[in-house]
Structures are given as C-alpha cells and as structure tokens.
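Data first, discussion second: the structure below is written as structure tokens.
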Amino acid sequence: MRFPTGFEEKYQRLLGKEAASFFSTFDQEPISAFRTNPLKEGQVTFSNPIPGTKWGHYGKVSGKSSEHVTGLIYSQEPAAQMVAQVAHPHEGMKVLDLAAAPGGKSTHLLSYLNNTGLLVSNEINNKRSKILVENIERFGARNVLVTNESAERLAKVFSSFFDLIVLDAPCSGEGMFRKQPDAMDYWSLDYPAQCAALQREILEDAVKMLANGGELVYSTCTWAPEENEEIVAWLLDEFPLELVDIPKLNGMTSGIDYPETARMYPHHFKGEGQFVAKFRLVGEHKLPKLKPVRSNLTADQRSLWQIFQKEHLKVDLKGDLQTFGDQLYLLPLGLPDLSKVKIARNGLHLGTFKKKRFEPSFALGLALQPSEVKNKLELSQQAFEVYVGGETLQIKEPLPNGWYQLIIHGNGLGFAKLANQTLKNYFPKGLRFR
C-alpha cells in the first residue's frame, strides 16, 4: 500500500522495531465481524465468537438475510466493537452517543441497556442521521431518541444529565486506511492537529452534560497521539476527570504514557485501528430541574391507541405518548423539554392515526417480540423473499381479517394487514429488494 507523504516516517519513529510488522498489515484483508442483538427473541447460534465479548463474532453477514432484515445481526468490525464494550452501560442508565452514525456503537449500547433507561443517539450530519435512524429502527429498541444536533446545542438542554457519554470523535481516520483507502486522500502531517482542535470543542460541551459521577468514553479510529493521548492530557488538566482503567484483551495495548487507556494496532489486535479512553467525573455538581414531557394526544387518539393495544398486544408499553402530525411516538421516560432540539426519530414510532382507526408502524412490528403480540403469521423463507420484494402473499390457512405481526425465524418483520386471505405488503418501499 502506498501511504501519504510523512505517514511512514511518523510511525517508524513512534513504533520503532514494531514498525515493519505494523506496515505489513496494510497489505492484508480487513477483518469483518458482526454482533448479535440480544433484544430479539429468535436467537441463532453463530460460530467464531470474538473472545471476551458477549455478542461479537468474526465473519460476514448478508444484508439480504432475514437475520439482517429483522435486526438480529449488525455488521461491525472488531476494534469498533471495543468502544461500547468499554463503555458497558448498566440497565437504567441515561446514555448519550454523541457522534453516533451509522449506529454501530448505539446499537451495542442498547444491547447493554436492554430496553431500560435512555439512549440519546445524536448525529450532527443530516444525511448520516437518516442512516442512523434506519439502523436504530431495525435494531428494535424502545428506549432511544435520535437527535440531529451540535454538541453545543445539546449541552443547553441536557446540562448535567447523562450517566454515560460516548464520543467516537471525528478524526484523521488512520485506523481505517486498510478498510477505506480513500481516507488517505485527505491525510497530511497537519491533519491530526486540525482534528484535535475540533475534538476539544466537542468535548468541552460533552463534559457539561455529565451527571455527578458520570463517565465519558472517548475514542478515535486513529493512532495519532495528537488526537489521543494529547487529548487525554488536556481533558485531565482542564476538567475534574479521572481515568478509569480499561482491561486489555485480544491484543489491545496500553496508550502512550497512560496505561489506563487502550490502543488497537492491527499487528497485535485482530481488527482495524482504534484508541479508547474512559473517564469519570469527580466532585459534586448542581443538577438542573427538568420540565416533564407533556402528552399532546387528543382523547380520540388516545382511545384509538388503547383499542389497538388491547386487541393486538400482550404488553403495556411504558413511556410518554406524543404525536407529530398524525404520527404516534413512544418517548422514553425521564426526558427534558425537547422543544429546542432537532429530532430525527422521536422515540419509537408506533403508527399512524387515520380516519377513526390506528395503523401500526413497521418499526413497532420490529420492536415487539412475538411473545408480546396476540396475532402473528410465520413466514417461510420463500414467502420472506417474496414479501421483501414488495409482493402480496396469499395465505392458505383460514384466518380472520386484520393486523398480524409477520415473523421470520422467530423475529418480527413489521405488521401487515390480512384481507380475505390476501396479505397486503407493508414492507417499506425504500427497503425492498429481490
């Protein structure tokens, strides 16, 4: 591989005798991996687990498989999986993923939260936030809000709010050179320092959002000390933070001068490049008083939802009900006033109010486990392939008309309406494939 000017010299100095082994990995194939989703009821046993992880596996998965379409698996390379594993939120925590697209770290954090607490998954780039929404929806979590904001604006709403903040920061991307060679096109010797300036700006606002005793996980997909250990030193100097030791596994090595931090080099770790540091906020801080979210449902809308819930669900979904136009959403409990926040996904999309009826959403059919739904239809592999292509299905079994959750291999594929043995197609047009 041909490197940008100055890159080889820089890492020859930094790595010394290890440099030759380091550079040789760039001519090797990138390492592929995926995680399974513990929120899904229909689990599958996969081979080749990543040691020391709960849900990680080496290997590739097809984006057209039922496992991917129903959200049972999420593709994410091994080094990137270590970030949320280091964060390891506990159930009930309030968590912020500050630069979340495309959603790998957010979905991993949601695995730990297990539909408890709250995750605010944020992406400042509008186009990337739409990809984030799609991946969050497929994963099927009920306790997540997707925002499309700057850290500065979020800090004004979520002051001293989060128990855990994860920032996988915008960086020079050196750790992705093997997987994405075009990342080298914009690299220069000055680029890491430019990225570090932006990282400091974001981190200043991130620290403002930490609750008492809150933890901050800072990561990059680069090896540049300017963006890693120098940022660690700056954080420790500027803010009441202390480092939390990160257990080293699978070839992770200690950071330069900071043994509590972790580096992932491809000649030691089976994956791409990553740096991770974990901090804890020390001292007591005044917590703000929050205005509770107020429901804006009309009496008729609330009645229509309650009728649908009673007729079709075996579970009472907990959260704050909110409408946006004729769309109904379930927000996680404990949120502050969000009127000044740009929202990309207002909690779990439950469905749409139409004339004197309620129509469930595709997202609701993904989020509910089959055991939580009264009426469901199991699809064969052949029927699955027809349905995701946008076709209707003819059902041989005599069943009453109405809404059914579609099931493939034990997991939901949205809701569809059966009318006179014909199953109408409600699979989103933008997701259809053959």
Side-chain angles (χ1 to χ4, degrees), residues 3-4 6-16 18-19 22-23 25-26 77-87 97-99 104-105 151 165-180 183-184 186-207 215-239 241-269 271-280:
F3 297 105
F7 181 81
E8 280 189 89
E9 293 84 350
K10 178 177 181 177
Y11 284 95
Q12 187 71 55
R13 289 194 304 271
L14 189 69
L15 293 173
E18 291 190 33
F22 169 71
F23 288 121
T25 64
F26 288 87
E77 70 87 18
Q81 291 190 30
M82 293 300 104
V83 179
Q85 176 148 329
V86 166
D97 187 357
L98 191 45
K105 294 170 182 67
I165 296 175
V166 175
L167 174 60
D168 187 42
C171 70
S172 59
E174 296 170 354
M176 303 302 289
F177 282 2
R178 179 171 68 173
K179 188 177 179 181
Q180 299 171 349
M184 291 186 284
Y186 48 82
W187 191 92
S188 68
L189 280 172
D190 296 330
Y191 191 44
Q194 296 169 19
C195 292
L198 173 61
Q199 290 154 6
R200 289 186 179 94
E201 288 181 16
I202 299 172
L203 284 164
E204 283 186 4
D205 291 309
V207 174
E215 293 181 333
L216 168 68
V217 172
Y218 172 77
S219 68
T220 69
C221 57
T222 190
W223 301 291
E226 303 96 309
E227 303 173 72
N228 296 331
E229 288 85 0
E230 290 183 23
I231 292 291
V232 170
W234 172 78
L235 280 168
L236 293 174
D237 284 344
E238 293 291 321
F239 303 100
L241 296 168
E242 62 182 10
L243 277 170
V244 178
D245 186 59
I246 296 171
K248 313 302 186 290
L249 70 155
N250 301 345
M252 295 163 69
T253 58
S254 296
I256 302 166
D257 297 328
Y258 293 98
E260 300 93 340
T261 65
R263 280 178 166 257
M264 279 148 271
Y265 290 110
H267 62 297
H268 289 303
F269 183 93
E272 306 312 302
Q274 197 84 37
F275 171 85
V276 189
K278 189 173 187 178
F279 303 85
R280 183 180 294 115

Separation between [atom1] of [X] and [atom2] of [Y], rounded to the nearest 0.5 Å:
{"X": "Arg263", "Y": "Ile246", "atom1": "CZ", "atom2": "CD1", "answer": "12.0 Å"}
{"X": "His267", "Y": "Phe23", "atom1": "NE2", "atom2": "CZ", "answer": "10.0 Å"}
{"X": "Leu236", "Y": "Leu243", "atom1": "CG", "atom2": "CG", "answer": "4.5 Å"}
{"X": "Ile231", "Y": "Leu203", "atom1": "CD1", "atom2": "CG", "answer": "6.5 Å"}
{"X": "Leu98", "Y": "Asp205", "atom1": "CG", "atom2": "CG", "answer": "8.5 Å"}
{"X": "His268", "Y": "Asn250", "atom1": "NE2", "atom2": "CG", "answer": "13.5 Å"}

Is the shortest side-chain heavy-atom distance between [X] and [Y] below 4.5 Å?
{"X": "Thr222", "Y": "Pro192", "answer": "no"}
{"X": "Ser188", "Y": "Pro4", "answer": "no"}
{"X": "Pro170", "Y": "Ile202", "answer": "yes"}
{"X": "Gln85", "Y": "Leu249", "answer": "yes"}

Sequence neighbours left out, what passes salt bridge (Lys or Arg N to Asp or Glu O under 4.0 Å) with [X]? Give chain and number order.
{"X": "Arg280", "value": "Glu215, Glu242"}
{"X": "Glu226", "value": "Lys10"}
{"X": "Glu230", "value": "none"}

Subject >> Residues forming a ring pair (Phe, Tyr, Trp, His ring centres under 6.0 Å) with Phe7, sequence neighbours excluded >> reply: Phe3, Tyr11, Phe177, Trp187
Original post:
Taking only residues two or more places apart in sequence, or in another chain, which ones meet Tyr258 in a ring pair (Phe, Tyr, Trp, His ring centres under 6.0 Å)?
Top reply: none
Residue list, side-chain contact (heavy atoms from CB on, under 4.5 Å) with [X], at least two apart or on another chain:
{"X": "Asp245", "value": "Lys248, Glu260"}
{"X": "Glu201", "value": "Leu198"}
{"X": "Asp168", "value": "Lys105, Ser219, Gln274"}
{"X": "Gln180", "value": "Met176, Asp182"}

Original post:
Would you call the rings of Phe26 and Phe22 parallel, tilted or perpendicular if under 30° counts as parallel and over 60° as perpendicular?
Top reply: perpendicular
Who passes side-chain hydrogen bond (donor to acceptor under 3.5 Å, both in side chains) against [X], sequence neighbours left out?
{"X": "Tyr191", "value": "none"}
{"X": "Glu77", "value": "none"}
{"X": "Glu227", "value": "Ser172, Gln199"}

Which atom names give the shortest non-hydrogen contact between [X] and [Y], and what distance separates them?
{"X": "Glu229", "Y": "Gly255", "result": "OE2-CA, 3.4 Å"}
{"X": "Tyr218", "Y": "Ala169", "result": "CE1-CB, 3.7 Å"}
{"X": "Ala206", "Y": "Ile165", "result": "O-CD1, 3.2 Å"}

**OP:** Given side chain to side chain contact (heavy atoms under 4.5 Å, CB included), test Phe279 with Val232 step by step and report yes or no.
**Re:** CA-CA 9 Å; Phe279 303 85; Val232 170; 4.0 Å; yes
**OP:** Check whether any side-chain N or O of Trp223 sits under 3.5 Å from a backbone N or O of Phe275 as a donor-acceptor pair, and report yes or no.
**Re:**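 No, Trp223 side chain to Phe275 backbone: no donor-acceptor pair under 3.5 Å.
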Original post:
So which of Thr220, Leu167, Val166 actually passes side chain to side chain contact (heavy atoms under 4.5 Å, CB included) with Val83?
Top reply: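 Only match with Val83 under side chain to side chain contact (heavy atoms under 4.5 Å, CB included): Val166.
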